[in-house]
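Working notes for the structure below.
All values below come from the heavy atoms of this structure, side chains included, with hydrogens, waters and symmetry mates left out. Bear in mind the structure is a predicted one, so any value in this text is a computation, not a measurement.
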Amino acid sequence: MSSPKRTALHAEHAERGAAFTDFGGWDMPLKYGSELAEHRAVRSAAGLFDLSHMGEIRVAGPDAAVFLNTALVGNLGAVKVGRAKYSLICDADGGIIDDLISYRLAEDVYLVVPNAGNTGTVAAAFAERADGFDVEIEDQSDELSLIAVQGPNAAAIVQALVPEEQRELVTGMKYYAAEQAVVAGHPVLLARTGYTGEDGFELYLPNAEAADLWNALLTAGEPQGLIPAGLASRDSLRLEAGMPLYGNELSREVTPFEAGLGPVVSFVKPEAFVGRAALETRREQTPELQLVGLRGDGRRAARSGYAVLAGDDAVGRVTSGQPSPTLGYPVALAYVAPEHAAAGTRLQVDLRGKAEPFTVVDLPFYRRGQ
């Protein structure tokens with residue numbers, strides 16, 4: 001068995017006493033001290049994340065837009081230069097291979113960002129689906145690092161490190177937009193995106209420059225309450241924000257409709273994207289299961305794999321769950337039968353032999369500013 005890969009920032013994490021975990025084949029910081037403190041820093045001030053395990057695939061050429069419209073379920077051709085779009089890559093049966101973000105960097109250039117453990121799978125699927133298209137596909141994942149600044153103070157921290165003429169670019173950047181910028185002297189792709197439910201930025205740059213930028217951000221952000229944060233807090237933050245995680249909520253066994261991602265699929269675009277026929281059939285049918293949010297009435301948290309009950313009958317399963325540090329009660333995502341999916345439905349979760357009460361609620365659990 002091969003050892004997990006390390007990001008260019010691994011030594012920085014070790015120096016700060018990070019506890020590591022294997023995630024998607026990478027040795028990643030789980031937390032530096034208290035995952036609760038890291039979670040709360042992101043909600044109240046800012047957290048700094050190493051996301052260099054994520055993939056980066058450059059798609060360029062005259063057919064880049066029509067290729068991506070064929071390879072992915074979303075309408076990437078409608079994305080303006082400088083903007084980004086969340087989408088899915090599905091198999092022929094409509095099962096989700098991965099969820100990803102695509103940035104349109106130029107008229108015929110995109111940067112597609114798949115999840116860490118799926119980068120090779122997505123790159124292989126792209127290569128297979130590129131036949132007949134005038135397009136070049138380059139997996140740049142081993143060359144680039146990705147650093148994220150997330151939290152209400154993120155804009156102020158990044159703004160302090162850009163040249164004066166780019167400060168308005170930072171403050172005026174829209175959500176799901178990206179621009180070339182210089183941060184702490186380093187040219188980066190600066191994107192206003194994230195996975196925490198807070199305002200924030202993601203910065204892409206070459207591996208050799210990552211450590212210097214990481215430390216510059218920590219120094220500039222210290223007066224703003226910025227601290228490094230690991231995958232444990234990233235998971236609790238995304239769960240509060242109701243964001244799905246591949247391998248938990250999303251898989252090849254799930255279509256966009258079960259996952260509540262039907263609006264991500266574009267049936268307006270003309271391209272016969274992979275999975276289109278299967279998904280056109282599925283959208284006329286009621287899904288056997290639907291992804292819902294569950295709020296715990298008690299103090300015990302549901303965990304992935306736990307059965308969801310209606311009386312004595314199992315009607316679904318939990319995919320993610322834990323106590324919410326921000327809201328003060330347990331939250332969970334679960335797939336349940338559609339007749340039990342309406343907000344306000346009272347259910348139970350089998351917590352190791354004891355049925356505990358939960359209520360179906362609208363997602364997300366947490367919205368910025370609440």
Side-chain angles (χ1 to χ4, degrees), residues 2-56 113 115-117 119 140-151 153-162 170 181-196 198-238:
S2 60
S3 299
K5 298 171 72 174
R6 293 183 171 186
T7 75
L9 294 169
H10 192 277
E12 302 298 325
H13 308 317
E15 186 177 324
R16 288 170 176 81
F20 290 91
T21 187
D22 187 337
F23 185 81
W26 291 81
D27 196 27
M28 297 298 295
L30 181 66
K31 59 182 179 179
Y32 297 83
S34 163
E35 61 196 80
L36 184 59
E38 293 167 23
H39 179 112
R40 288 175 172 162
V42 174
R43 288 279 179 254
S44 64
L48 189 66
F49 296 87
D50 177 13
L51 306 181
S52 305
H53 59 313
M54 301 290 282
E56 292 91 15
V113 182
N115 286 294
T119 299
Q140 300 179 325
S141 307
D142 290 338
E143 304 164 21
L144 298 177
S145 290
L146 172 56
I147 298 172
V149 189
Q150 297 284 299
N153 295 346
I157 293 165
V158 174
Q159 189 182 40
L161 290 172
V162 299
V170 175
V182 177
V183 182
H186 298 280
V188 304
L189 176 65
L190 179 67
R192 201 162 205 163
T193 45
Y195 194 54
T196 63
E198 295 296 339
D199 187 20
F201 295 83
E202 296 183 322
L203 299 85
Y204 298 81
L205 79 168
N207 288 336
E209 302 178 48
D212 186 70
L213 179 58
W214 175 268
N215 288 309
L217 286 163
L218 282 176
T219 300
E222 186 175 1
Q224 298 275 1
L226 176 74
I227 63 172
L231 293 185
S233 61
R234 180 171 156 87
D235 190 47
S236 57
L237 290 158
R238 71 90 193 169

Next on the checklist: Just so I know, are the side chains of I147 and L9 near enough to count as touching, which here means a heavy-atom distance under 4.5 Å?
Outcome noted: yes
Checklist entry - Do T196 and R238 come close enough that some side-chain heavy atom pair is under 4.5 Å? => result no
Checklist entry - Hey, is the main chain of A211 close enough, under 3.5 Å, to the side chain of N215 for a donor-acceptor pair? => result yes
Checklist entry - Can you tell me if N207 uses its side chain to pair, donor with acceptor, with the backbone of D142 under 3.5 Å? => result yes
Checklist entry - Got a donor-acceptor contact below 3.5 angstrom from the R192 side chain to the V170 backbone? => result yes
Next on the checklist: Once rounded to the nearest 0.5 Å, what's the spacing between atom CG of L203 and atom CG of L146?
Outcome noted: 8.0 Å
Next on the checklist: Please determine whether the number of non-hydrogen atoms from other residues, nucleotides or ligands lying under 6.0 Å from atom CD of E143 exceeds 12.
Outcome noted: yes
Checklist entry - To the nearest 0.5 Å, what is the distance between CG (L190) and CZ (F201)? => result 6.0 Å
Checklist entry - Just one of F23, F20, W26 clears the ring-ring contact (aromatic ring centres under 6.0 Å, His included) bar with H53, so which one? => result F23
Next on the checklist: Working to the nearest 0.5 angstrom, can you tell me the gap between E15 CD and H10 NE2?
Outcome noted: 13.0 Å
Item to check | Derivation and outcome, side chain to side chain contact (heavy atoms under 4.5 Å, CB included), residues L237 and F49 | outcome: CA-CA 12 Å; L237 290 158; F49 296 87; 4.0 Å; yes
Checklist entry - Shortest non-hydrogen contact from M28 to D50? => result CE-O, 3.2 Å
Checklist entry - Measuring from M54:CE to N115:CG, what's the distance to the nearest 0.5 Å? => result 4.5 Å
Checklist entry - How far apart are the closest heavy atoms of D212 and A184, and which atoms are they? => result OD2-O, 4.3 Å
Item to check | Minimum side-chain heavy-atom gap L51-R234 below 4.5 Å | outcome: yes
Next on the checklist: Taking the side chain as everything from C-beta on, heavy atoms only, tell me whether R16 gets closer than 4.5 Å to L218.
Outcome noted: yes
Item to check | E202 to A148 - nearest heavy-atom pair and separation | outcome: CG-CB, 4.0 Å
Checklist outcome for this item: d(I227 CD1, E222 CD) to nearest 0.5 Å is 11.5 Å
Next on the checklist: Could you walk me through whether W214 and H13 satisfy the side chain to side chain contact (heavy atoms under 4.5 Å, CB included) test, starting with their C-alpha distance in whole Å, then the side-chain angles of each, then the deciding distance to 0.1 Å, before giving a yes or no?
Outcome noted: CA-CA 10 Å; W214 175 268; H13 308 317; 3.7 Å; yes
Item to check | Where A154 and G200 come nearest, the two heavy atoms and their spacing | outcome: CB-CA, 3.9 Å
Checklist entry - How about E209 and P187: do any of their side-chain heavy atoms sit closer than 4.5 Å? => result yes
Item to check | Donor-acceptor pair, side chain of E38 and main chain of Y32, under 3.5 angstrom | outcome: yes
Checklist entry - Is a donor on one side and an acceptor on the other found under 3.5 Å between the side chain of S141 and the backbone of E56? => result yes
Next on the checklist: For the CG atom of L217 and the CD atom of Q224, what is their distance to the nearest 0.5 Å?
Outcome noted: 12.0 Å
Next on the checklist: When you measure from the side chain of S145 to the backbone of P206, do you find a donor-acceptor pair of N or O atoms at a distance under 3.5 Å?
Outcome noted: no
Item to check | Residue pair P29 / A18: nearest heavy atoms and the distance that separates them | outcome: CB-CB, 4.0 Å
Checklist entry - Are any of the side-chain heavy atoms of S236 and E35 separated by less than 4.5 Å? => result no
Checklist entry - Heavy-atom distance under 4.5 Å between the side chains of V183 and L213, does that happen here? => result yes
Item to check | Heavy-atom closest pair, residues G47 and L226 | outcome: C-CD1, 3.4 Å
Next on the checklist: So does G55 get a backbone contact from the side chain of Q140, meaning a donor-acceptor N/O pair under 3.5 Å?
Outcome noted: no
